[in-house]
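For reference, the structure is listed below as structure tokens.
Keep in mind it's a predicted model, so treat the numbers as computed, not measured. Order of appearance sets the numbers: ligands from 1, and atoms from 1 within every ligand. As a basis for the values below, the full set of heavy atoms in this structure was taken, side chains included, without hydrogen atoms, waters or symmetry mates.
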Amino acid sequence: MPELPEVETIRRGLQRKIKNKQIKDIVINVDKIVKKPYLEEFITKIKGKKIKEIDRRGKYIIIHLDSRNKLIVHLGMTGLLIYPYNENSEEITEGKIKAKHNHLVFTFTDDTQLVFNDVRRFGKIFLVSNIDEVGSIAKLGIEPLEDYFTEEVFIQVLNKKKNSKIKSFLMKQEFITGLGNIYANEVLYRSNIHPLRPVFSLNKKEIKNLYQQIKLVLGEAVKLRGSTVADEAYRDTDGEKGKFAKNLQIYARKGEPCIKCGHSIEVVRIESRSSFICPQCQKL
Ligand SMILES: [Zn+2]
């Protein structure tokens, strides 16, 4: 699933490429992707509108239209926004993007196209006048790459859920938003913290380390345009892979030696997700 670095990369790509474009037409091939409002209203309210700014909140992309309505996109597990979409797109993505998964196609007045492609079909699109109309956005917590996310703020948020296990805490979007399975694994390993440690058991030094690693790992991953891991699902708006996967030190490295101590990396299931750990560096 795209996490903060991947969604931010897509946001930046859209901001650079589709800002000020006017939507001429929209074709919806899979109705269920549009969650709000009804299809007819969705189409009427979008046709002819211009794209203003493109923002992000957590893992949501927020496209501001000149009507003051906002088009909100959640990429789900495998959603992609490809621009400009054309006959070369399938080739660029080594066949990963197939036209049969183009669920939504925007055509702009310059006849270029933006496509929402989603193999697994968990993606969602909303058109709203106020972003808080999308319930899950209203509940989102802190943006970890914003300046207001200080170590002090991190401690305050940790105190809200002291009995939680640290990995599930990091992945809950209502506290800190943007971390999913890949980056939660990564920041915990780099801070030498076992994913099942309760929040209250973390000492000052561990909290400081974890705070710094969240900023560092997410920041570096954004710079390298996100992670395209083994499932190959993630692509940026050009259809290109992210380049951070090779820098992942623990995620999907089962059986490889830990770069800190040499012990073999193990995988444990936590809340039905794979957690990669070094049992020597991350003790319970
Ligand atoms: Zn180790």
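Side chain to side chain, Tyr234 and Ser227 fail the donor-acceptor criterion of an N or O pair below 3.5 Å.
Side-chain contact check for Lys70 versus Ile63: every heavy-atom pair is 4.5 Å or farther apart.
Residue pairs that meet the salt bridge (Lys or Arg N to Asp or Glu O under 4.0 Å) test with at least one member in residues 263-278, sequence neighbours left out, do not exist here.
Inside a sphere of radius 2.8 Å centred on the Zn ion (ligand 1), the protein N/O/S atoms present are Cys258 SG, Cys261 SG, Cys278 SG, Cys281 SG.
Between the side chain of Lys49 and the main chain of His64, no donor-acceptor pair closer than 3.5 Å is present.
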* Output, in order, the C-alpha distance, side-chain angles, deciding distance and verdict of ring-ring contact (aromatic ring centres under 6.0 Å, His included) for Phe149 and Tyr211. => CA-CA 9 Å; Phe149 179 54; Tyr211 166 75; 5.2 Å; yes
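The cationic atom of Lys260 (NZ for Lys, CZ for Arg) lies less than 6.0 Å from the six-membered ring centre of Tyr189 and within 45° of the ring axis.
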